[in-house]
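Written below as structure tokens is the structure these notes are about.
Note that the structure is predicted; figures quoted are calculated from it, not measured.
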Amino acid sequence: MTDLFDRRDFARRAALAAFAAGIGTASVVSASGEEPPAEPQTPAPAPHELLLEFLKREYPHEKLTPEILEMISADLQAQLGRSRALKSVPLPNGAAPFVFQAYRGE
């Protein structure tokens with residue numbers, strides 16, 4: 001018997017391994033009779049706050065006053081809003097911003 005197998009065999013083995021891992025963890029929880037205590041969930045910071053913290057850590061400077069940081073935060077919020085608006089427009093597969101046509105001369 002060879003050690004080689006095709007992609008379908010690989011997919012079957014991967015699915016079985018994932019299924020077995022799920023059963024194994026479910027049986028551990030059910031065997032103990034207790035569910036693990038739920039950790040308190042802290043709300044995730046907004047994306048513009050994360051970007052602002054990154055900028056403050058990466059580029060520290062004495063000119064980054066709270067007023068300047070508020071302006072930067074407003075700009076970040078505006079850019080993120082624009083990106084959400086652009087992402088919401090559905091594009092078909094053939095849609096392109098322009099069509100390139102090489103100049104072939106006369």
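- Atom NE2 of residue H48 and atom CD of residue E53 lie 10.5 Å apart, to the nearest 0.5 angstrom.
- Separation of atoms CG (L51) and CD (E58) is listed at 12.5 Å; rounding is to 0.5 Å.
- Closest heavy-atom contact between P45 and E49: CB-OE1, 3.5 Å.
- Taking every heavy atom of both residues into account, A85 and S88 meet most closely at O-OG, 2.7 Å.
- A 6.0 Å sphere centred on CD of E70 holds no more than 12 heavy atoms belonging to other residues, nucleotides or ligands.
- Between L55 and L69 there is no side-chain heavy-atom pair separated by less than 4.5 Å.
- With hydrophobic clusters built from ILVMFWY side chains whose heavy atoms lie under 4.5 angstrom apart, Y59 does not share a cluster with L50.
- In this structure, the side chains of Q77 and S73 come closer than 4.5 Å at one or more pairs of heavy atoms.
- The shortest distance between side-chain heavy atoms of D75 and I72 does not fall below 4.5 Å.
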